[in-house]
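For reference, the structure is listed below as structure tokens.
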Amino acid sequence: MSDLMTNGAIEELYRSMGISAPVYNFGAEILEGLSERFAAIDEVAEYNQMKVLKAMQKNQVSEACLMGTTGYGYNDIGRDTLEAVYADVFHTEDALVRPQITCGTHALALALMSNLRPGDELLSPVGKPYDTLEEVIGIRPSKGSLAEYGVTYKQVDLLPDGSFDYENIKKAINEKTRLVTIQRSKGYQTRPTLSVSGIGELIAFIKGIKPDVICMVDNCYGEFVETIEPSDVGADMVVGSLIKNPGGGLAPIGGYIAGKKECVENAAYRLTSPGLGKEVGASLGILTNFYQGLFLAPTVTAGALKGAIFAANIYEKLGFGVVPNGSESRHDIIQAVTFGTPEGVVAFCQGIQAAAPVDSHVTPEPWEMPGYDAKVIMAAGAFVSGSSIELSADGPIKPPYAVYFQGGLTWQHAKFGILKSLQSIVDKGIVEL
Ligand SMILES: *Cc1c(COP(=O)(O)O)cnc(C)c1O
């Protein structure tokens, strides 16, 4: 044990920041059982760190790449090199990585709208996609949706045990099926998150039926959790947000699409204009954040993953429902905890907020958010507004009263946040230690 531990200096500092002895000790006991899993996470992070570094060195990232351009952004060497780095990290032919892609939903909409044509059909073989995509697809009628452009949609749900419904997927594939969208993370659902190898099996099955179909993976929250990505197992496109894992907490905006040259080109012509494609789009002053964020992303993701596992084990031990559970393997950084009462959800989120580096002094309350059918409480004391690679939590105030928790730029901060959440729950008398 270190000097700081034996002389109690760390515990004293925790105490001065509101963590009581019972909460601290409860956490310490849980941690003792996690050393093997944490070592495995560090090993994945080491692999991914080297993968990113190798891609940066191969593409000769240089000081000039960090400068950025203005105006049209012709010959933006930093932007073009960053896209080559992303392509190498994901082992794809090409990539589009831009601050002009405003968020994850935009990146996904761009990938879909640029690769589908009127008369084509889109298939989701893994059930309902992420909420915001319902309007992109037109599942919920919306201006500018794929449905308005004559793109139809089919969905095959997962089987009750979370496995693929191969029989109905086969039936759903027809002459119109042009693109298959596969969401890796469970998002705000209770289904399991898909492993990369599981995604590979699904893609192989689909390509066995229709080889020329485009397989796209919504990779949000999954990047760098494993040593391989969906593009390593047959995905034609992987798509995600830079204010989640691959931005490493430093990217202040942005999205990426990595994949087959033709798919990425289609997306570029849609993002800018036919005829212009990737050639325009000034990077302004943002490239250092993109490069440095990607460089840090493997270890940042590892920290968030440790936090998720720590939280799962704490709340599982206290008898709450946790998805994933304390011991199962991880394929994204999201942790769901079901409290069963509004008070539990509120206390948890208030604890997370109180641990934040920014806005720790404000108290989040449930509010009526546009687009939701119940009040929602959100805890986010982030450097980048809305960033969910930073320590954050939210939960709708409706049964089963679950919170979704993710992020933490460092493991140490994630740990403090979770101890603060537990302290808040103990202080409210919701659990006794
Ligand atoms: C976050 C997320 C999105 C949408 O990203 P935004 O940046 O919030 O628009 C899409 N799919 C999944 C699985 C996500 O987690």
Side-chain angles (χ1 to χ4, degrees), residues 96-113 122 124-137 139-140 142 144-146 155 158 180-196 198-199 216-226 229-230 235 237-249 251-258 267 271 290 293 297 301 304-305 308 323-324 330-336 369-372 376 378 380 382 384-396 402-407:
L96 190 66
V97 186
R98 302 280 167 130
Q100 287 84 9
I101 301 177
T102 57
C103 62
T105 303
H106 186 189
L108 289 157
L110 185 60
L112 291 171
M113 294 185 159
L122 169 67
S124 171
V126 296
K128 188 184 87 63
Y130 197 74
D131 270 25
T132 55
L133 285 191
E134 290 184 27
E135 287 180 89
V136 172
I137 296 167
I139 300 171
R140 272 187 284 141
S142 180
S145 70
L146 285 166
Q155 177 177 314
L158 295 171
V180 173
T181 179
I182 300 167
Q183 184 179 310
R184 177 172 174 181
S185 169
K186 66 182 168 305
Y188 299 127
Q189 294 176 64
T190 46
R191 72 154 167 94
T193 286
L194 307 176
S195 68
V196 173
I199 290 171
M216 178 189 94
V217 174
D218 175 350
N219 210 22
C220 283
Y221 287 131
E223 298 92 350
F224 303 123
V225 171
E226 301 184 41
E229 298 289 340
M237 275 192 285
V238 286
V239 182
S241 162
L242 298 195
I243 64 166
K244 293 177 180 172
N245 308 15
I253 192 171
Y256 77 90
I257 299 170
L271 175 66
F290 281 12
T301 303
L305 213 46
V323 181
R330 298 268 157 168
H331 309 292
D332 69 6
I333 61 167
I334 301 180
Q335 181 63 46
M369 251 180 79
Y372 290 83
V376 178
M378 293 193 163
V384 171
S385 179
S387 167
S388 48
I389 187 61
E390 297 186 51
L391 192 67
S392 49
D394 42 83
V403 293
Y404 297 86
F405 158 87
Q406 67 270 312

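Sequential numbering from 1 along the given sequence is applied to the chain's residues. Each ligand, and each atom within it, is numbered from 1 in the order the structure gives.
Looking only at protein heavy atoms, the nearest one to atom 7 (O) of ligand 1 is Gly104 N, 2.8 Å. Atom 9 (O) of ligand 1 has as its closest protein heavy atom Thr105 OG1, 2.5 Å. At the shortest separation from atom 13 (C) of ligand 1 among protein heavy atoms lies Asp218 OD2, 3.4 Å.
Met216 is listed as a side-chain neighbour of Leu112, based on a closest heavy-atom distance under 4.5 Å. The shortest distance between side-chain heavy atoms of Ile333 and Arg330 does not fall below 4.5 Å. For the pair Ile257/Leu110, a side-chain contact is recorded, criterion being any heavy-atom separation below 4.5 Å from C-beta on.
Under a 4.0 angstrom heavy-atom cut-off, His106 registers as lying outside contact with ligand 1.
In this view, Glu390 satisfies the salt bridge (Lys or Arg N to Asp or Glu O under 4.0 Å) rule with no residue, not counting sequence neighbours.
For a threshold of 3.5 Å applied to N or O pairs, the pair formed by Lys244 and ligand 1 contains at least one separation below that value.
Residue Tyr221 approaches ligand 1 through these ligand atoms, each under 4.0 Å from one of its heavy atoms: 15 (O). Near Leu108, the atoms of ligand 1 lying under 4.0 angstrom from a non-hydrogen atom of the residue are 10 (C). Atoms of ligand 1 lying under 4.0 Å from any heavy atom of Gln183, numbered from 1 in the order shown and given with element: 13 (C).
No option in Val196, Asp332, Asp218, Val126 other than Val196 meets the side-chain contact (heavy atoms from CB on, under 4.5 Å) test with Arg184.
Rounding to the nearest 0.5 angstrom, the gap separating the CD atom in Gln406 from the OG atom in Ser185 is 9.0 Å.
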